Novice: 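Encoded as structure tokens, here's the structure I'll be asking about.
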Amino acid sequence: MSGDNVNMYGGSGNTGIQNNHFAPSAPDFPELRDAVRELLRLVDELRAQLPPASARVLDDNLPALSGGADASQAPEERHRALLAVAGVAATVSTVGEPVVEAVRKVLGLLGAV
């Protein structure tokens with residue numbers, strides 16, 4: 001059975017209903033964990049081939065991707081970090097393409113594309 005279940009006991013003129021909806025937490029399933037792990041590996045490889053300023057952009061976004069202690073767990077923060085990493089990877093052409101593809105996979109698993 002799905003939908004609202006309403007029980008009323010006594011009273012008169014009862015109107016309205018309170019719905020308590022909670023935002024689902026970020027999905028956490030093996031395929032997503034594996035995709036993020038692979039993305040982090042590829043980002044680490046790419047980082048060594050970047051100028052320092054671009055490498056810092058990756059470093060700044062790693063906590064949101066890896067779920068580290070400093071990471072905001074807001075889905076918007078993870079999405080923003082994924083797009084930032086993909087942007088850096090896209091600037092280095094074919095060298096960054098595996099990272100861009102890994103970001104697309106993670107975004108797809110999160111239902112963001």
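Keep in mind it's a predicted model, so treat the numbers as computed, not measured.
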Novice: Just jot down the side chain to side chain contact (heavy atoms under 4.5 Å, CB included) partners of Glu38, sequence neighbours excluded, or say none.
Specialist: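 Glu38 satisfies side chain to side chain contact (heavy atoms under 4.5 Å, CB included) with Arg41, Leu42 only.
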Novice: With sequence neighbours left out, write down each residue that passes side-chain hydrogen bond (donor to acceptor under 3.5 Å, both in side chains) with Glu101, or none if nothing qualifies.
Specialist: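 For Glu101, the residues satisfying side-chain hydrogen bond (donor to acceptor under 3.5 Å, both in side chains) (neighbours in sequence not counted) are Arg104.
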Novice: Sequence neighbours excluded and cut-off under 3.5 Å, please list the side-chain donor-acceptor pairs for residues 50-60, or say none.
Specialist:
residue, atom, partner, partner atom, Å
Asp59, OD1, Arg47, NE, 2.7
Asp59, OD2, Arg47, NE, 3.2
Asp59, OD2, Arg47, NH2, 2.6

Novice: Which residues pass the side-chain hydrogen bond (donor to acceptor under 3.5 Å, both in side chains) test with Asp34, sequence neighbours left out?
Specialist: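 Asp34 satisfies side-chain hydrogen bond (donor to acceptor under 3.5 Å, both in side chains) with Arg37 only.
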Novice: Quick one: closest heavy-atom pair of Gly96 and Leu46, and the distance?
Specialist: CA-CD1, 4.2 Å
Novice: When clusters are formed by joining ILVMFWY residues with side-chain heavy atoms under 4.5 Å apart, either directly or through shared neighbours, do Leu83 and Val106 land in the same one?
Specialist: yes
Novice: Please round to the nearest 0.5 Å and tell me the distance separating atom CG of Leu107 and atom CG of Leu82.
Specialist: 5.0 Å
Novice: For residues 86-94, which side-chain donor-acceptor pairs fall under 3.5 Å, sequence neighbours excluded?
Specialist:
residue, atom, partner, partner atom, Å
Thr91, OG1, Val88, O, 2.6

Novice: In the structure I gave you, are the side-chain heavy atoms of His79 and Leu110 within less than 4.5 Å of one another anywhere?
Specialist: no
Novice: Who are the side chain to side chain contact (heavy atoms under 4.5 Å, CB included) partners of Leu40, not counting sequence neighbours?
Specialist: Val36, Leu62, Leu65, Ser66
Novice: Identify the heavy atoms of Ala64 and Arg78 that sit nearest to each other, and give their distance.
Specialist: O-NE, 3.6 Å
Novice: Can you see which heavy atom on Arg80 is nearest to which on Glu77, and at what distance?
Specialist: NH2-OE2, 2.6 Å
